[in-house]
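What follows is a single structure, written as structure tokens, with notes after it.
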There are 2 protein chains.
Amino acid sequence: METKFKPGLEQIKLDYKIWLADKDGNGILGDGKWKMLKLIGEKGSLKAACEELGYTYRRTWGNIKKIEDFFGFPLLEKHRGGAEGGSMALTEEGKLLVKAFEKFHSNADTLIQKGFREFLDDISNK
Amino acid sequence: METKFKPGLEQIKLDYKIWLADKDGNGILGDGKWKMLKLIGEKGSLKAACEELGYTYRRTWGNIKKIEDFFGFPLLEKHRGGAEGGSMALTEEGKLLVKAFEKFHSNADTLIQKGFREFLDDISNK
DNA sequence: CATGGATATGCATCTGAAAACATATCGAAA
DNA sequence: TTTCGATATGTTTTCAGATGCATATCCATG
């Protein structure tokens with residue numbers, strides 16, 4: 001079948017988001033928050049992680065609260081005070097969640113990219 | 001491994017969005033616009049489709065223009081005037097695009113749901 | 001050749017999420 | 001016991017995208 005789609009195929013990009021939500025559809029944990037949690041764990045600091053990812057401290061702090069409120073227990077150990085000002089570290093549950101989400105996301109990515117290539121084939125003439 | 005995730009697993013929902021974007025990341029065609037195109041095709045009318053889906057005519061008209069501007073050719077045949085006021089119908093390319101996106105979306109859904117079940121397993125103790 | 005109803009399009013207004021701003025609190029170390 | 005820097009949290013401001021409103025345009029049919 002002849003189609004006019006072919007000429008510009010290479011400029012069609014695929015984008016997607018996958019996230020966990022509560023029963024009312026409020027987003028709980030997705031790409032952004034997952035990366036943020038992971039980076040906080042690596043850096044041991046919320047402030048440092050925000051600066052690296054370019055998010056505001058205020059917003060991210062609120063996000064963390066929402067996630068923990070939803071699950072009902074802390075994903076991060078918070079420490080205030082001291083010469084360093086304070087620090088954060090992932091709890092065991094936090095580590096488990098980050099790891100499981102990473103696996104899920106990574107698998108999904110592979111499959112979605114494959115599906116996208118098939119989609120491009122479908123709208124091409126051959 | 002013991003985990004505290006188990007109690008509320010059934011209230012964790014999965015949500016996702018998949019869409020096509022241009023090279024600058026501007027969304028071109030996703031879930032909403034795909035369903036809209038499909039429904040316009042079925043109803044033969046933009047106005048009727050908007051009313052059914054609860055979108056404003058103004059917004060949807062703008063979306064259609066964006067999609068067509070991107071692809072560079074019409075996905076819909078538009079007819080103005082006449083006793084009926086006018087009508088819309090999918091072009092051949094429009095039909096092909098809707099069909100291909102539907103297949104892509106449907107396949108992706110199956111795989112993502114499967115991955116989600118594995119994710120829930122991963123954060124459960126077994 | 002007048003009419004009606006849908007397409008086509010500019011423009012003002014609303015709105016909720018993100019950003020920006022401000023300030024309080026904590027506590028190990030010097 | 002003072003200090004310093006990060007955590008904690010309320011308040012205000014911004015702004016893009018959605019909504020709402022208005023109006024022009026088209027033409028098959030009666």
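So you know, we letter chains A, B, ... as the sequences are listed, proteins then strands, and number each from 1. Side chains are part of it too, since the values below use all heavy atoms of this structure and drop only hydrogens, waters and symmetry mates.
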Residues in side chain to side chain contact (heavy atoms under 4.5 Å, CB included) contact with [X], at least two apart in sequence or another chain:
{"X": "B/Glu118", "result": "A/Asn107, B/Lys114"}
{"X": "B/His105", "result": "B/Tyr16, B/Asp31, B/Trp34, B/Phe101"}
{"X": "B/Leu53", "result": "B/Met36, B/Leu39, B/Tyr55"}
{"X": "B/Ser45", "result": "B/Lys47, B/Ala48"}

Taken in chain and number order and not counting sequence neighbours, the residues that satisfy salt bridge (Lys or Arg N to Asp or Glu O under 4.0 Å) with A/Lys66 are none
Residues passing the salt bridge (Lys or Arg N to Asp or Glu O under 4.0 Å) test with B/Lys99, sequence neighbours excluded, are none
Quick one: does any side-chain atom of [X] pair with a main-chain N or O of [Y] as donor and acceptor, under 3.5 Å?
{"X": "A/Ser124", "Y": "A/Leu120", "value": "yes"}
{"X": "B/Asp22", "Y": "B/Asp24", "value": "yes"}
{"X": "B/Thr91", "Y": "B/Pro74", "value": "yes"}

Original post:
Side chains of B/Phe116 and A/Ile18: does their closest heavy-atom pair fall under 4.5 Å?
Top reply: no
So, with a heavy-atom separation below 4.0 Å from DNA chain C, the residues of residues 65-73 of chain A are none
Under a side-chain separation threshold of 4.5 Å, the hydrophobic residues clustered together with B/Trp19 are none
Between NE2 of A/His79 and C1' of D/dG5 the distance, given in whole Å, is 16 Å
Protein-nucleotide distance (A/Lys78, atom NZ; D/dA6, atom P), rounded to Å
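Checked: the NZ to P distance equals 18 Å.
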Those residues at least two apart in sequence (or on a different chain) that pass side-chain hydrogen bond (donor to acceptor under 3.5 Å, both in side chains) with B/Glu52 are B/Lys43
Closest non-hydrogen atoms of A/Phe104 and B/Ile112, given as atom of the first, atom of the second and distance, are CE1-O, 3.8 Å
Whether each nucleotide of nucleotides 15-26 of chain D has a protein heavy atom under 4.0 Å at its base (B), only at its sugar-phosphate (S) or at neither (-) is summarised, 5' to 3', as ---SSB----BB
Please give me every residue in residues 31-46 of chain A whose heavy atoms get under 4.0 Å of an atom in DNA chain D, ordered by residue number.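 A/Ser45, A/Leu46, in order of number.
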Bounded by its outermost nucleotides with an atom under 4.0 Å from a heavy atom of chain B, the footprint on DNA chain C reads C/dG4 to C/dC11
